[in-house]
Amino acid sequence: MDEVLHEKIRDTVKAVPRGRVATYGDIADIARAPSARLVGTVLNQDGHDLPWQRILKANGTFAPHIADEQAQLLRGEGVTVVDGKVDLRVYRWEDAVKEAPPEEPGLW
DNA sequence: GATCTGACCTACG
DNA sequence: ACGTAGGCCAGAT
């Protein structure tokens with residue numbers, strides 16, 4: 001597995017501000033991960049010291065096994081969790097777009 | 001090297 | 001709103 005990418009993903013997760021959230025897809029996007037699956041895989045293996053509670057699925061829900069814990073932690077950061085979901089329109093990490101670097105020039 | 005599995009995502013019925 | 005199906009990528013069998 002690509003160590004660089006691994007760290008990149010970890011860094012990106014760490015970059016999410018307190019009180020905000022991001023989706024696996026967002027992280028994958030910013031970290032240049034080939035797929036959102038990788039983000040989940042990395043967090044699963046090496047996410048113990050990361051703010052993994054700020055990462056959720058694209059629809060604003062949590063990963064099944066950790067849902068409870070995650071909801072608690074996020075509430076502790078001031079994020080409102082309703083019916084096991086977070087309103088992405090409000091809490092989504094907006095800088096995700098800004099951080100997204102341009103594509104390689106000359107591809108087309 | 002084929003197959004299965006998973007902290008995913010989108011589209012469809 | 002909820003289940004399925006297909007696509008996705010890397011690691012483990």
Side-chain angles (χ1 to χ4, degrees):
Chain A
M1 159 109 150
D2 189 344
E3 300 299 335
V4 179
L5 176 59
H6 192 97
E7 288 303 319
K8 190 89 176 182
I9 292 175
R10 288 170 50 77
D11 286 345
T12 305
V13 173
K14 279 190 269 188
V16 179
R18 185 176 173 290
R20 310 306 298 279
V21 299
T23 72
Y24 291 89
D26 287 342
I27 301 299
D29 221 20
I30 301 168
R32 301 290 177 296
S35 87
R37 276 204 185 286
L38 259 297
V39 178
T41 303
V42 170
L43 283 185
N44 186 34
Q45 297 175 4
D46 224 4
H48 46 295
D49 61 331
L50 298 176
W52 52 269
Q53 64 271 23
R54 299 182 192 144
I55 312 302
L56 38 162
K57 299 202 244 178
N59 57 1
T61 63
F62 310 97
H65 35 283
I66 55 176
D68 282 341
E69 181 90 29
Q70 215 169 4
Q72 298 275 338
L73 291 169
L74 286 182
R75 287 202 186 93
E77 295 187 353
V79 176
T80 303
V81 182
V82 181
D83 192 34
K85 297 179 292 188
V86 171
D87 192 339
L88 290 177
R89 295 172 303 178
V90 177
Y91 296 104
R92 188 177 194 183
W93 185 32
E94 297 294 342
D95 289 346
V97 182
K98 185 181 70 172
E99 286 291 329
E103 288 292 330
E104 295 284 334
L107 286 183
W108 54 342

> Out of B:dT10, C:dC8, B:dA7, which has the shortest distance to the side chain of A:N44?
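For the A:N44 side chain, the nearest candidate turns out to be B:dA7.
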> Quick check: closest heavy atoms across A:V16 and A:A22, and the distance to 0.1 Å?
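Between these two residues, the closest heavy atoms are CG2-CB, 4.2 Å.
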> What is the distance, to the nearest angstrom, from the CG atom on A:D29 to the P atom on C:dC8?
16 Å
> Could you give the distance from CZ (A:R20) to CZ (A:R54), rounded to the nearest 0.5 Å?
11.0 Å
> How many Å lie between CD on A:Q53 and P on B:dA7, as a whole number?
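Roughly 17 Å, once rounded to whole Å.
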> Mind running a 4.0 Å heavy-atom check of residues 62-87 of chain A against DNA chain B and sending the residues that fall below it, in number order?
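Residues of residues 62-87 of chain A that come under 4.0 Å of DNA chain B are, in numerical order, A:A63, A:H65, A:I66.
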> Could you check whether any side-chain heavy atom of A:P34 comes within less than 4.5 Å of a side-chain heavy atom of A:L5, counting everything from C-beta outward?
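Yes; the side chains approach each other to less than 4.5 Å.
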> Grab the CG-C1' distance between A:N59 and C:dA1 for me, whole Å please.
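Going from CG in A:N59 over to C1' in C:dA1 covers 12 Å.
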> Can you measure A:Y24 atom OH to C:dA10 atom P for me and round it to whole angstrom units?
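Taking atom P of C:dA10 as the reference, OH of A:Y24 is at 18 Å.
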> Specify the separation, in whole Å, of atom CG of A:L88 and atom C1' of B:dC9.
13 Å
> Grab the CD-P distance between A:Q45 and B:dG6 for me, whole Å please.
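Between P of B:dG6 and CD of A:Q45: 14 Å.
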> Provide, to the nearest angstrom, the distance between the NZ atom belonging to A:K57 and the C1' atom belonging to C:dC8.
16 Å
> Taking all non-hydrogen atoms of both residues, which atom of A:L56 and which atom of A:T61 are closest, and how far apart?
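Looking at all heavy atoms of both residues, the shortest contact is CB-O, 3.2 Å.
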> If only atom types and distance count, is the side chain of A:Q70 paired as donor or acceptor with the main-chain N or O of A:I55 below 3.5 Å?
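Between the backbone of A:I55 and the side chain of A:Q70 there is a qualifying donor-acceptor contact (under 3.5 Å).
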> I'd like to know if the side chain of A:E77 reaches the main chain of A:P17, judged simply by a donor and an acceptor atom lying under 3.5 Å from each other, with no hydrogens or angles considered.
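No.
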> Between A:W93 and A:T12, which heavy-atom pair has the shortest distance, and what is it?
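Minimum heavy-atom separation between A:W93 and A:T12: CZ3-O, 4.2 Å.
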> Expressed in angstrom and rounded to an integer, what is the separation of A:E3 atom CD from C:dA10 atom P?
13 Å
> Which of the following nucleotides, C:dA10, B:dA7, B:dG6, is nearest to the side chain of A:L38?
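Out of C:dA10, B:dA7, B:dG6, the nucleotide with an atom closest to A:L38's side chain is C:dA10.
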> Starting from the 5' end of DNA chain B, give me the residue, A:T41 or A:T23, whose nearest nucleotide shows up first.
A:T41
